[in-house]
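For clarity, every value in this text was computed on a predicted model and none was experimentally measured. The figures here come from the full heavy-atom set of this structure, side chains too, leaving out hydrogens, waters and symmetry mates.
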Amino acid sequence: MKKLLLTNDIHQLNQIPFGDDFISLELKFIETCWFANITFKGKTVNGLRLVSGVLLCRGLNYPFDFIIDDKGLELDPFDVESFTSDTFDLLLVERDEMTQLRGYEVE
C-alpha cells in the first residue's frame, strides 16, 4: 500500500500515476465529511464518502482501491486537517495487493 500525500484544501485534485495511466482523485470536504470522485480509464464514480477501514471502491472492479487507516481510533475522517495532522492516512491499495485480495487480476 502506498500512502497518498494530501493537503488540507477543501477541494483538491490529485493525479496518481498508475501503470501507463493516471487515477484522477478529486477530494472535497463538506461540513464534517470528506468525499471523493474517482476516474480511471474513462470510468468515474462520484460522491464516495471516505470512511475508515473499508475498501472505498468495492464493487467497481478497478485494479486498485483506496482505504483509510484510522490508526486505531475507530473514527471516520471528520476534520479538514484529518490527513495533514497525521490522524488518518489515505492509502492506495495497488494492483498486486488487489489481485491477492480478489484472487484474480483486473485490467
Side-chain angles (χ1 to χ4, degrees):
M1 283 184 246
K2 176 182 173 183
K3 178 181 172 181
L4 301 177
L5 300 177
L6 304 175
T7 69
N8 60 355
D9 293 331
I10 63 170
H11 186 216
Q12 51 190 295
L13 180 62
N14 300 279
Q15 297 293 324
I16 305 163
F18 189 82
D20 61 351
D21 209 339
F22 288 88
I23 302 166
S24 176
L25 174 65
E26 180 183 20
L27 298 173
K28 295 180 182 181
F29 184 77
I30 302 171
E31 295 183 22
T32 60
C33 300
W34 280 98
F35 293 90
N37 299 330
I38 301 168
T39 301
F40 182 68
K41 293 194 176 188
K43 184 177 176 183
T44 300
V45 60
N46 292 314
L48 289 175
R49 183 166 178 254
L50 300 189
V51 295
S52 298
V54 298
L55 294 172
L56 298 174
C57 298
R58 189 182 71 225
L60 297 174
N61 220 23
Y62 283 143
F64 60 85
D65 213 322
F66 296 97
I67 192 165
I68 304 290
D69 179 4
D70 65 5
K71 303 179 183 182
L73 294 174
E74 297 183 12
L75 297 171
D76 295 332
F78 57 86
D79 187 68
V80 72
E81 295 179 352
S82 290
F83 299 105
T84 57
S85 67
D86 204 34
T87 307
F88 298 89
D89 289 334
L90 178 58
L91 305 172
L92 172 66
V93 184
E94 299 188 87
R95 181 184 298 274
D96 58 338
E97 296 162 314
M98 287 307 298
T99 300
Q100 287 180 324
L101 286 171
R102 289 186 181 125
Y104 60 90
E105 191 168 326
V106 174
E107 260 317 299

- request: Could you tell me whether the side chain of Glu94 reaches within less than 4.5 Å of the side chain of Met1, counting heavy atoms only?
  value: no
message: Do Arg95 and Glu105 make a side-chain contact, defined as non-hydrogen atoms from C-beta onward lying under 4.5 Å apart?
response: yes
field: Basic-acidic side-chain contact under 4.0 Å: Asp89, Lys71
entry: yes
message: Using every non-hydrogen atom in the two residues, find where Val80 and Asn8 come nearest and quote the distance to one decimal.
response: CG2-O, 3.1 Å
field: Same cluster (ILVMFWY, side-chain, under 4.5 Å), Leu13 and Leu48
entry: no
- request: May I ask you to test the Leu4-Leu25 pair for a side-chain heavy-atom distance under 4.5 Å?
  value: yes
- line: Between the CD1 atom in Ile67 and the CD atom in Glu97, the distance rounded to the nearest 0.5 Å is 10.5 Å
statement: Interatomic distance, CZ@Arg58 vs CG@Leu101, rounded to 0.5 Å, equals 12.5 Å
task: Determine, stepwise, if the pair Ser24 / Thr39 fulfils side chain to side chain donor-acceptor pair (under 3.5 Å).
output: CA-CA 5 Å; Ser24 176; Thr39 301; 4.8 Å; no
field: Ile16 side chain near Phe22 side chain, heavy-atom distance below 4.5 Å
entry: no
From CA spacing to verdict: side-chain contact (heavy atoms from CB on, under 4.5 Å), Leu6, Leu90: CA-CA 8 Å; Leu6 304 175; Leu90 178 58; 3.8 Å; yes
message: Quick check: do Asp65 and Leu56 have side-chain heavy atoms less than 4.5 Å from each other?
response: yes
query: What distance do Tyr62 atom OH and Lys41 atom NZ have between them, rounded to the nearest 0.5 Å?
result: 12.0 Å
field: Over 12 non-hydrogen atoms of neighbours within 6.0 angstrom of CD1 in Ile10
entry: no
query: Could you state the interatomic distance from CG (Leu5) to CG (Asn14), rounded to the nearest 0.5 Å?
result: 9.5 Å
- request: Supply the atom-to-atom distance Asn46 CG to Asn37 CG, rounded to the nearest 0.5 angstrom.
  value: 4.0 Å
query: Does a side-chain heavy-atom distance below 4.5 Å link Val93 with Phe66?
result: no
field: Shared hydrophobic cluster for Val51 and Leu73 (ILVMFWY, side-chain gaps under 4.5 Å)
entry: yes
Heavy-atom pair of closest approach, residues Gly47 and Phe35: O-CD2, 3.9 Å
field: Over 12 non-hydrogen atoms of neighbours within 6.0 angstrom of CD in Gln15
entry: yes
query: Judged by atom type as modelled, is there a donor-acceptor pair below 3.5 Å linking the side chain of Ser52 to the main-chain atoms of Asp69?
result: no
message: Are the side chains of Leu60 and Ile38 in contact, using a 4.5 Å heavy-atom criterion?
response: no
message: The criterion is side-chain contact (heavy atoms from CB on, under 4.5 Å); which residues satisfy it with Thr32, sequence neighbours excluded?
response: none
query: Is the distance between the ring centroids of Trp34 and Phe88 less than 6.0 Å?
result: no
task: Flag yes if Leu75 and Ile68 sit in one hydrophobic cluster, no otherwise; membership is Ile, Leu, Val, Met, Phe, Trp, Tyr, and two members link when side-chain heavy atoms are under 4.5 Å apart.
output: yes
task: Find out whether Phe18 and Pro63 are in side-chain contact, i.e. whether some heavy atom of one side chain is under 4.5 Å from a heavy atom of the other.
output: yes
- prompt: Which heavy-atom pair separates Thr87 from Ser85 by the least distance, and what is that distance?
  reply: OG1-OG, 2.7 Å
message: Quick one, Phe64 with Phe40, criterion ring-ring contact (aromatic ring centres under 6.0 Å, His included). Give me CA distance, side-chain angles, the key distance, then yes/no.
response: CA-CA 10 Å; Phe64 60 85; Phe40 182 68; 5.1 Å; yes
field: Residues Gln12, Lys28; criterion side-chain contact (heavy atoms from CB on, under 4.5 Å); working and verdict
entry: CA-CA 7 Å; Gln12 51 190 295; Lys28 295 180 182 181; over 6 Å; no
statement: So CG of Leu92 and CD1 of Ile23: to nearest 0.5 Å the spacing works out to 5.0 Å
